[in-house]
Protein chains: 2
Amino acid sequence: MVDSNASIDTVFRALGEPTRLRMIQELSRGERTIGDLAEPLDMTLAGASKHIGVLEQAGLLTREKRGRERVCRLRPEALLAARDWTQKYSAFWNDRLDALDAAIREQDDE
Amino acid sequence: MVDSNASIDTVFRALGEPTRLRMIQELSRGERTIGDLAEPLDMTLAGASKHIGVLEQAGLLTREKRGRERVCRLRPEALLAARDWTQKYSAFWNDRLDALDAAIREQDDE
DNA sequence: GTTACTATCAACCATATGGTTTAGTATTTC
DNA sequence: GAAATACTAAACCATATGGTTGATAGTAAC
């Protein structure tokens with residue numbers, strides 16, 4: 001189980017925006033500058049910068065100053081936290097079946 | 001890989017709200033009526049109903065009319081789709097290591 | 001049939017969000 | 001040093017979101 005400093009709803013909220021999802025997908029292929037990310041989205045640098053800010057606050061990426069550019073790099077931890085959360089609550093049905101199994105087995109033992 | 005009728009960003013957006021996250025957690029323990037969900041959140045029925053609508057649209061739950069109540073039931077498919085997405089893009093680092101491995105192996109073969 | 005209960009709908013409100021533009025700060029290039 | 005590049009900050013705007021209240025509809029209970 002991985003934990004992120006940002007709370008899980010912040011991560012989900014950051015991901016709940018098509019533009020930012022595409023940024024994540026792009027970043028999954030490697031490091032990108034703000035300009036790299038803005039260009040295919042047909043968006044101003046300022047706009048892209050704000051989106052990156054949201055993703056950074058959610059812990060989904062880091063921004064490193066390199067010369068006059070900012071290089072963004074994906075941070076798997078936050079994505080893994082989201083995966084763990086969804087895994088946990090999508091498993092509820094299996095858990096309940098497991099509990100049912102256990103209850104039946106216990107009954108059989110009596 | 002599980003697919004949901006709602007697009008993945010809709011699922012994330014639905015989850016990106018603390019109130020709705022708590023509803024999901026509550027629902028993971030079993031079926032709940034709108035009233036059941038509204039009460040611990042100190043929220044009007046109308047407010048809860050709107051949240052449930054968002055979750056329903058995202059495919060995260062179903063609402064069934066039963067007498068004068070509506071019974072909500074979690075639908076794992078959407079959560080699994082979110083899990084798969086986050087899994088895929090959090091694995092980017094492993095993927096790149098795998099690619100590196102492959103490249104090195106190929107070099108060794110020459 | 002009347003009354004109470006559960007939920008939805010519509011209207012409304014305050015605030016958040018996603019975008020822009022304009023201006024400003026570093027940094028690189030010439 | 002001057003000009004161009006990459007980005008951020010601030011102000012602003014339109015729309016979305018999260019909540020309420022009040023009215024209405026269907027169901028249950030008496």
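In what follows, every heavy atom counts, from backbone to side chain, and hydrogens, waters and symmetry copies are set aside.
In this structure, B:D9 atom CG and C:dT17 atom P are separated by 16 Å, rounded to whole Å. Put simply, CD1 on B:I52 is 12 Å from P on D:dG19, counting in whole angstrom units. Taking atom CD of A:E39 as the reference point, atom P of D:dT5 lies 15 Å away to the nearest angstrom. Across the protein-nucleic acid pair, A:Q57 atom CD and C:dT17 atom C1' stand 14 Å apart, rounded to whole Å. The separation between B:R68 atom CZ and D:dT27 atom P is 11 Å, rounded to whole Å. If you measure from atom CG of A:L37 to atom P of C:dG18, you get 16 Å, rounded to the nearest angstrom. The nearest whole Å value for the distance from the CD atom in B:E64 to the P atom in D:dT27 is 14 Å. Going from atom CG of B:L41 over to atom C1' of D:dG19 covers 13 Å, rounded to whole Å.
A:G47 comes within 4.0 angstrom of a nucleotide base, judged by non-hydrogen atoms across all strands. Base engagement by A:A46 is indicated by at least one non-hydrogen atom pair under 4.0 Å involving a base atom. Within the nucleic acid shown, B:R66 has no heavy atom closer than 4.0 Å to any nucleic acid atom.
Mapped onto DNA chain D by nearest heavy atom, B:D42 and A:G35 fall at different nucleotides, with A:G35 at the one closer to the 5' end. Comparing A:A48 and B:S49 along DNA chain C, the residue whose closest nucleotide (by nearest heavy atom) sits nearer the 5' end is B:S49.
Under the 4.5 Å side-chain heavy-atom criterion for Ile, Leu, Val, Met, Phe, Trp and Tyr, B:L21 and B:L27 are members of the same hydrophobic cluster.
With D:dG18, D:dT8, D:dT21 as the choices, the nucleotide that has an atom nearest any side-chain atom of A:R13 turns out to be D:dG18. Here the nucleotide nearest the side chain of A:E17, chosen from D:dT8, C:dG19, D:dT21, is C:dG19. Nearest to the side-chain atoms of B:I34 among the listed nucleotides D:dT20, D:dA6, C:dA7 stands C:dA7. Of the candidate nucleotides D:dC7, C:dT27, D:dT27, D:dT27 has the atom nearest to the side chain of B:K65. Relative to the side chain of B:H51, the nucleotides D:dG19, C:dA7, D:dC7 differ in distance, and D:dG19 lies closest. In the set D:dT20, C:dG19, C:dG18, C:dG19 carries the atom at the smallest distance from any side-chain atom of A:T19.
Under the 4.5 Å side-chain criterion, counting only non-hydrogen atoms from C-beta, A:Y89 is not in contact with B:R83. You'll find the side chain of B:L74 stays beyond 4.5 Å of the side chain of B:E31, heavy atoms only.
Within the structure, every side-chain polar atom (N or O) of A:R70 is placed at least 4.0 Å from both OP1 and OP2 of C:dA26. For D:dG19, neither phosphate oxygen OP1 nor OP2 lies less than 4.0 angstrom from any side-chain nitrogen or oxygen of B:T44.
No hydrogens or angles were tested; on distance alone, a donor-acceptor pair under 3.5 Å links the side chain of B:K50 to the base of D:dG19.
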Candidate pair B:R32 and B:M23, rule side-chain contact (heavy atoms from CB on, under 4.5 Å), full reasoning
CA-CA 9 Å; B:R32 295 288 186 275; B:M23 285 177 162; over 6 Å; no
Run the salt bridge (Lys or Arg N to Asp or Glu O under 4.0 Å) test on B:R70 and B:E64 for me, step by step, so that the C-alpha distance in whole Å, both residues' side-chain angles and the decisive distance to 0.1 Å come before the verdict.
CA-CA 5 Å; B:R70 308 300 155 97; B:E64 185 198 336; over 6 Å; no
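Aromatic ring pairs are classed by plane angle as parallel below 30°, tilted from 30° to 60° and perpendicular above 60°; the pair B:F12 and A:F12 is parallel.
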